[in-house]
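Numbering starts at 1 and runs along the sequence shown.
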Amino acid sequence: MKVIVLGGDGFCGWATSLHLSAEGHHVTIVDNLVRRRTDEELGVSSLTPIRSIDERLQAWRETRNTPIDFVELDVAKDYDRLEALFREVAPDAIVHFAEQRAAPYSMKSPWHKRYTVDNNVNATSAVLCAMVEACPEAHLVHLGTMGVYGYGKTKGMTIPEGYIDATLRSAGAEAHVEILYPVDPGSIYHMTKTLDQLLFLYYAKNDGLKITDLHQGIVWGTSTPETDLDERLVNRFDYDGDYGTVLNRFLAQAAIGHPLTVHGTGGQTRAFIHIRDTVRCIALAIQAPPERGERVRIMNQMTETHRVRDLAQMVSRMTGVPVEHLDNPRKEMAENDLVVANDSLIGLGLQPTRLSDGLMEEVVHIAERHKDRCDTSRIVCSSLWVKPIAAE
């Protein structure tokens with residue numbers, strides 16, 4: 001198929017682009033390379049050295065896989081070029097990663113909050129509008145987040161895949177309906193993903209667009225079989241307090257002997273998925289699109305759940321590095337349960353990669369190899385969810 005990957009230079013986008021190309025699809029990456037500029041803004045780089053996009057694409061050509069095309073374009077701002085590209089390529093599928101992906105980054109300042117909303121919501125709106133005009137038969141696969149559900153106490157109830165049966169009552173009457181699972185975003189970033197859901201619902205209903213929304217858990221790991229083919233293809237490894245996901249941060253901290261930083265009690269339960277499974281899930285979703293006129297297909301893209309403190313203890317036992325509890329910068333419950341349905345992707349053939357499969361050791365080895373690039377001053381999260389109130 002012809003597949004456009006929006007945000008294909010990023011952490012999940014790059015690995016996905018290579019995987020889809022290796023499967024024989026004709027891939028076009030669209031990216032404005034903003035994630036590289038964000039490194040400059042924050043003064044921190046990927047633990048693994050990332051080559052330029054030109055070097056990456058040349059290295060991929062040398063693997064004799066299907067070459068990947070690249071278009072530098074800001075999806076949120078360059079609407080006319082985006083629509084023209086969709087018309088020119090006539091894609092069978094569009095994979096949408098073109099959003100600012102970090103919750104802590106979205107909470108850093110008023111500018112970061114507004115930028116996250118401007119970029120993420122405008123990007124999704126532009127993609128959908130351009131699809132209606134230029135490629136209405138294409139299938140949109142969007143990388144969402146489990147965070148749209150929130151992390152409140154569900155008393156053991158399993159969170160379904162996007163939709164829930166509900167009874168509405170008003171003025172003595174009641175109606176039995178199926179609705180989107182009630183949202184409870186925990187950051188500006190997560191809030192933008194809940195707005196994405198409403199945009200998807202409208203365009204699927206009004207224009208019959210084929211849309212799959214993958215509510216993904218926290219991604220860990222860094223390498224895939226494709227990124228391992230050449231050192232110039234290496235993927236990002238973010239370890240800092242803004243972009244580093246919790247398990248990757250623990251593994252990087254362990255590699256340099258830094259205490260494993262747990263926020264609050266560590267009783268936050270989260271869903272996790274390895275980057276190798278992320279790319280497989282995207283490929284599986286592309287191969288099984290919904291029909292035009294169907295509701296948005298929502299799938300929970302995760303493989304297992306763990307409490308943060310249990311993860312820290314697991315890494316501590318594996319490496320001998322101690323655990324350190326810090327004040328929690330987020331506004332969230334200290335403890336929560338999380339039971340999640342993921343039947344759809346398992347039904348499509350996903351064979352999950354587990355933390356017990358030995359790949360955590362592989363990640364630690366990668367971090368040890370590049371530990372001289374680690375800036376320890378950037379490890380602890382500096383973003384606060386609530387502005388401190390000055391004492392009188």
Exercise for review: Kindly give the heavy-atom pair with the smallest separation between P182 and I164, and that separation in Å.
Suggested key: CD-CG2, 4.1 Å
Exercise for review: Could you check if a side-chain atom of V339 sits within less than 4.5 angstrom of a side-chain atom of T305, using non-hydrogen atoms only?
Suggested key: no
Exercise for review: Please report the C-alpha distance between L42 and K108 in whole Å, then the side-chain angles of each, then the deciding distance to 0.1 Å, and finally whether the side chain to side chain contact (heavy atoms under 4.5 Å, CB included) criterion is met.
Suggested key: CA-CA 11 Å; L42 297 176; K108 288 184 74 66; 3.9 Å; yes
**Study point:** Non-hydrogen side-chain atoms of P225 and H19 separated by less than 4.5 Å
**Key:** no
Check your understanding: Roughly how far, to the nearest 0.5 Å, is the OG1 atom of T222 from the CG atom of L47?
Key -> 9.0 Å
Study note, to complete from the structure: Residues P136 and L209: closest non-hydrogen pair is O-CD2, 3.8 Å
Practice item. Would you confirm whether T158, through its side chain, and V340, through its main-chain N or O, come within 3.5 Å as a donor-acceptor pair? Key: no
**Study point:** Min side-chain heavy-atom separation T353-T303 under 4.5 Å
**Key:** no
Check your understanding: Taking atom types as modelled, is there a side-chain donor on T261 or R249 under 3.5 Å from an acceptor on the other?
Key -> yes
Practice item. Flag yes if more than 12 heavy atoms outside R64 fall under 6.0 Å of its CZ atom; otherwise flag no. Key: no
Review point. If we only count heavy atoms from C-beta on, is the S106 to H190 side-chain gap below 4.5 Å?
Key: no
Check your understanding: Would you say I211 and M299 are hydrophobically clustered, going by side-chain heavy atoms of ILVMFWY under 4.5 Å?
Key -> no
**Study point:** Salt-bridge contact R280-D277 (side-chain N to carboxylate O under 4.0 Å)
**Key:** yes
Review point. Taking the side chain from E226 and the backbone from A22, do they hold a donor-acceptor pair closer than 3.5 Å?
Key: no
Point to revise | Single-linkage hydrophobic cluster I50~V219, side-chain heavy atoms < 4.5 angstrom | key: no
Review point. Quick one: is the NZ or CZ of R35 closer than 6.0 Å to the six-membered ring centre of Y243, and within 45° of its axis?
Key: yes
Review point. With a 3.5 Å cut-off and no angle check, do the side chains of H112 and S109 form a donor-acceptor pair?
Key: yes
**Study point:** Heavy-atom side-chain contact between H306 and V246 under 4.5 Å
**Key:** no
Practice item. For E178, look at atom CD and say whether over 12 heavy atoms of other residues, nucleotides or ligands are found less than 6.0 Å away. Key: yes
Check your understanding: Under 3.5 Å, is there a donor-acceptor pair between the side chain of R309 and the main chain of T265?
Key -> yes
Exercise for review: Evaluate the side-chain proximity of V75 to N32: yes if any heavy-atom separation is below 4.5 Å, no if none is.
Suggested key: no
Point to revise | Cationic tip of R270 above Y151 ring, under 6.0 Å, 45° of axis | key: yes
Exercise for review: Please lay out, stage by stage, how D230 and R51 fare under the test salt bridge (Lys or Arg N to Asp or Glu O under 4.0 Å).
Suggested key: CA-CA 11 Å; D230 188 305; R51 301 298 182 95; over 6 Å; no
Review point. Hey, does the side chain of W60 reach the backbone of T66 with a donor-acceptor pair shorter than 3.5 angstrom?
Key: yes
Review point. Between the main-chain N or O of V315 and the side-chain N or O of T319, is there a donor-acceptor pair closer than 3.5 Å?
Key: yes
Point to revise | Residue R292 excluded, over 12 heavy atoms near CZ under 6.0 Å | key: yes
Exercise for review: Give the C-alpha distance, both sets of side-chain angles, the deciding distance and a yes or no for side chain to side chain contact (heavy atoms under 4.5 Å, CB included) between T269 and R307.
Suggested key: CA-CA 4 Å; T269 303; R307 289 187 304 182; 3.3 Å; yes
**Study point:** Validation row: T124, T192 side chains within 4.5 angstrom (heavy atoms)
**Key:** no
Check your understanding: Do L247 and L355 pass the side chain to side chain contact (heavy atoms under 4.5 Å, CB included) test, and can you show the C-alpha distance, the side-chain angles, and the key distance before you say yes or no?
Key -> CA-CA 10 Å; L247 181 52; L355 269 66; 4.0 Å; yes
Exercise for review: Taking the six-membered ring for Trp and the full ring for Phe, Tyr or His, determine whether the centres of H370 and F237 are under 6.0 Å apart.
Suggested key: no
Exercise for review: Treat each ILVMFWY residue as a node, draw an edge where side-chain heavy atoms are under 4.5 Å apart, and state whether W385 and I218 are in one component.
Suggested key: no
Check your understanding: Is it the case that more than 12 heavy atoms not belonging to D327 sit under 6.0 Å from its CG atom?
Key -> no
Practice item. Check for a donor-acceptor pair, side chain of N248 on one end and backbone N or O of G221 on the other, with a separation under 3.5 Å. Key: yes
Practice item. Taking atom NE2 of H325 as the centre, report whether more than 12 heavy atoms of other residues, nucleotides or ligands fall under 6.0 Å from it. Key: yes
Review point. Is any side-chain heavy atom of K210 closer than 4.5 Å to a side-chain heavy atom of R297?
Key: no
Review point. Between the side chain of H96 and the main-chain N/O of A98, is any donor-acceptor distance below 3.5 Å?
Key: yes
Point to revise | side chain to side chain contact (heavy atoms under 4.5 Å, CB included) against E362, all qualifying residues, sequence neighbours excluded | key: S223, R276, L359, I366
Check your understanding: Are E174 and T167 linked by a side-chain donor-acceptor pair shorter than 3.5 Å?
Key -> no
Check your understanding: What about L73 and I29, same hydrophobic cluster or not, with Ile/Leu/Val/Met/Phe/Trp/Tyr joined at side-chain heavy-atom distances under 4.5 Å?
Key -> no
Check your understanding: Within the side chain of Q268, is there an N or O that forms a donor-acceptor pair under 3.5 Å with the backbone of H263?
Key -> yes
Review point. If we ignore angles and hydrogens, is there a donor and acceptor under 3.5 Å between the side chains of Y105 and E41?
Key: yes
Point to revise | Check: D242 main-chain N/O paired with D240 side-chain donor or acceptor under 3.5 Å | key: yes
Exercise for review: Say whether V30 and L20 are linked into one hydrophobic cluster, either directly or through other cluster members, by side-chain heavy-atom distances under 4.5 angstrom.
Suggested key: no
**Study point:** side chain to side chain contact (heavy atoms under 4.5 Å, CB included) assessment of K77 paired with N122
**Key:** CA-CA 8 Å; K77 295 179 179 179; N122 282 329; over 6 Å; no
**Study point:** Partner of H215 under ring-ring contact (aromatic ring centres under 6.0 Å, His included), chosen from Y181, Y163, Y149
**Key:** Y149
Review point. Between E83 and R87, is the closest basic N to carboxylate O distance under 4.0 Å?
Key: yes
Point to revise | Any side-chain donor near an acceptor of the partner, N235 and T224, under 3.5 Å | key: no
**Study point:** Ion pair D9/R56, N-O distance below 4.0 Å
**Key:** yes
Review point. Is a donor on one side and an acceptor on the other found under 3.5 Å between the side chain of R232 and the backbone of L57?
Key: no
